[in-house]
Asker: 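My questions all concern the structure below.
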Amino acid sequence: MHIQSLLPLLLPVVLAEKPTTKKSSELTSPAKCCAELQNILPEIVHFPDSDEYRSRLAKYYSQQQQSLTPACTVKPQTAQHVSSVMRFAESSDCRFAVASGGHMSWKGSSSIDSGFVIDLRDMNRVDVFPQDQKVVLGPGSVWQHVYSTLAPYNLTVVGGRINEIGVGGFLAGAGIGGIGFSSTARGFGADSVLNYEVVLYNGEIVNANADTNPDLFWALKLGGTNFGIITQFHMMTYASPLIYGAVTAYAETKEVLSEVFADYEKHSHGNDNINVSKSVVRLKVSGLDMVMPVIVNTDGISVPPMSSAEPIQHVDGIGSTHDVVANVVAATLESDARTSWHTFTTKVDTQLFMDIFAIADKLFNPLTKDGLTLLTHKPVLLFFVTWTDPADDIVMEEATRKLGKMAEDEARRRELVVDFLYLNYANGEQKVFERSLTPENLEKMRKIRDKYDPDKTLLKLWSGGYKLPEGPSDESHARDEL
């Protein structure tokens, strides 16, 4: 078994008249749904023998996602297309998934076997309004396209840290996800969203902002697949002529670990460095244990390295957000992988990290020639495991799950756990809403969902993403951050 490793570096609406729905609780067969959709919208429905269908599957980051076989893919180009598809799905009881960049890790997060996929990649507009300090984004664009379009204006946004991450997935998880390089100073990506254009369960297209549908505006900032398909994001931009980025790889030694994590702990506890983002990655490549700090300074000023050791490799640069992401940060990533993730959030404590490394080594060394695959600390901890053989899926997913539980139990024993799960790093089993929201905000989210989707149509038909729990959970914790 061989494991590869890589860096993965938040006015009430008047609803349209509801179409007549089927009395039966049984869902329509995926093949019938696709055939009827093709009769309605032939230009955007694609079947498994088409290049469009194959392209969608190939663009999923997780190879487990690539292995699913939707009956067809539906590739809308406008909000009106999405509206037609949603009206059809609701009236015909057709199950679907929704994908933009397709970068979630877990199987079924944005694809489906028993249904069709709404592929948003053709809805990729990036319209800049520099005089208003605003940009209008389609959900199917990727951050490389966004950053390259904004660069000539010396502008950027709080967006993804990797080129191929989709706008829709990143920002739809933005209240419990959506962390960018400037998040310490500017918040989650959701904090920069001024307006959402969203298609509701019945096909109605509405806007949600501070004045129009403000309850829905609040709820969409907390993410998930509970309220509708977002077809536009209006975001605030900010001036950003240049940023600095560096990725450095060191051979792992006790001295390097000590230096790097001492630097990281000092940085994390400081209050005068909000423009500097630092992450630390521990990984193994070709049998070599490595430590890889990643540094970005949004002021465009170089930052000293986190260790005095001689690096194996060092890449840095000063340029636009597009240039630094494309040429420095993203250069360390593979395009896809068989993968399993687990995330949780802790206070920064070097001894905890060292002890978690030991737990990880003990679990993974017997499973692979290369030992521990990856452990990342950013604003959150992420266990990021990749491998090549589908036959190893069960073993590797179980090992990742076990590592996550053991590490989190140890952090909680030391009273270091922060009850927040970063949605964009979570796996399909993790209780994102229960762990990240207060019970009061969970109930508020449910009431808003039931107002805009009274029959819980999306709960029944929309496969993937994160759904609101239907009642109190033992994992719900009192929090006042959100």
Asker: How many angstroms lie between CG in Leu363 and CG in Leu403, if you round to the nearest 0.5 Å?
Answerer: 5.5 Å

Asker: State plainly whether the residues Lys444 and Glu440 are in salt-bridge range, i.e. N to O under 4.0 Å.
Answerer: no

Asker: Any salt bridge linking Glu197 with Arg125? Criterion: basic side-chain nitrogen under 4.0 Å from a carboxylate oxygen.
Answerer: no

Asker: To check you understand the geometry: which heavy-atom pair defines the closest contact between Thr237 and Lys134, and what is its length?
Answerer: OG1-N, 3.7 Å

Asker: Kindly compute the distance separating CD1 (Ile301) from CG (Asn275), expressed to the nearest 0.5 Å.
Answerer: 8.5 Å

Asker: Salt bridge or not between Arg413 and Asp409? Use side-chain N to carboxylate O under 4.0 Å.
Answerer: no

Asker: Test side-chain contact (heavy atoms from CB on, under 4.5 Å) on Ile118 and Val85 and set out the steps.
Answerer: CA-CA 9 Å; Ile118 301 175; Val85 174; 3.8 Å; yes

Asker: Considering all heavy atoms of both residues, which atom of Glu259 and which atom of Ala309 are nearest to each other, and what is their separation?
Answerer: OE1-N, 4.0 Å

Asker: Can you spot which of Thr73, Asp51, Asp119 makes a side-chain hydrogen bond (donor to acceptor under 3.5 Å, both in side chains) with Arg56?
Answerer: Asp119

Asker: Between Thr156 and Thr321, is a side chain to side chain donor-acceptor pair (under 3.5 Å) present by the stated rule, with each step listed?
Answerer: CA-CA 7 Å; Thr156 194; Thr321 304; 3.3 Å; yes

Asker: Angle between ring planes, Phe233 versus Tyr196, binned at 30° and 60°: parallel, tilted or perpendicular?
Answerer: perpendicular

Asker: I'd like to know if Asp419 and Arg412 make a salt bridge, using a cut-off of under 4.0 Å between side-chain N and carboxylate O.
Answerer: yes

Asker: Applying side chain to side chain donor-acceptor pair (under 3.5 Å), run through Asp393 and Trp387 and close with a yes or a no.
Answerer: CA-CA 8 Å; Asp393 285 359; Trp387 62 96; 2.8 Å; yes

Asker: Got a second to check how far His322's NE2 is from Ser320's OG, nearest 0.5 Å?
Answerer: 6.5 Å

Asker: One pair to check against side-chain contact (heavy atoms from CB on, under 4.5 Å): Met306 and Val280. What are the steps and the verdict?
Answerer: CA-CA 10 Å; Met306 297 172 70; Val280 180; 3.9 Å; yes

Asker: Please give me the minimum heavy-atom distance between Leu220 and Ala208, naming the atom from each residue.
Answerer: CD1-CB, 4.2 Å

Asker: Would you please classify the geometry between the Phe384 ring and the Tyr61 ring as parallel, tilted or perpendicular, with 30° and 60° separating the classes?
Answerer: tilted

Asker: Examine the side chains of Arg121 and Ser55 and answer whether a donor and an acceptor come within less than 3.5 Å of each other.
Answerer: yes

Asker: According to the interplanar angle, ranging from 0 to 90°, do the rings of His342 and Phe383 count as parallel (below 30°), tilted (30 to 60°) or perpendicular (above 60°)?
Answerer: tilted

Asker: Can you find a pair of side-chain heavy atoms, one from Leu171 and one from Phe188, that are under 4.5 Å apart?
Answerer: no

Asker: With side chains defined as the heavy atoms from C-beta onward, is the minimum distance between Val329 and Ile162 less than 4.5 Å?
Answerer: yes

Asker: Kindly give the heavy-atom pair with the smallest separation between Met123 and Ala79, and that separation in Å.
Answerer: CE-N, 3.7 Å

Asker: Does Gln133 CD have over 12 foreign heavy atoms under 6.0 Å away?
Answerer: no

Asker: Measure from NZ or CZ of Lys278 to the centre of the six-membered ring of Tyr264, then state whether that distance is under 6.0 Å and the direction lies within 45° of the axis.
Answerer: no

Asker: Would you please test Phe364 and Thr400 for side-chain contact (heavy atoms from CB on, under 4.5 Å) and show each step?
Answerer: CA-CA 9 Å; Phe364 280 93; Thr400 307; 4.1 Å; yes

Asker: Counting the benzene-type ring for Trp, do His46 and Tyr53 have ring centres under 6.0 Å apart?
Answerer: no

Asker: Which heavy atom in Phe357 sits nearest to a heavy atom in Arg282, and how many Å separate them?
Answerer: CB-NH1, 3.3 Å

Asker: Which atom names give the shortest non-hydrogen contact between Thr231 and Val198, and what distance separates them?
Answerer: OG1-N, 4.2 Å

Asker: How many angstroms lie between CG in Asp299 and CG in Asn273, if you round to the nearest 0.5 Å?
Answerer: 11.0 Å

Asker: Would a 4.5 Å heavy-atom cut-off, applied to side chains only, mark Trp218 and Asn441 as touching?
Answerer: yes

Asker: Quick one: do Asp392 and Arg338 make a salt bridge, cutoff under 4.0 Å?
Answerer: no

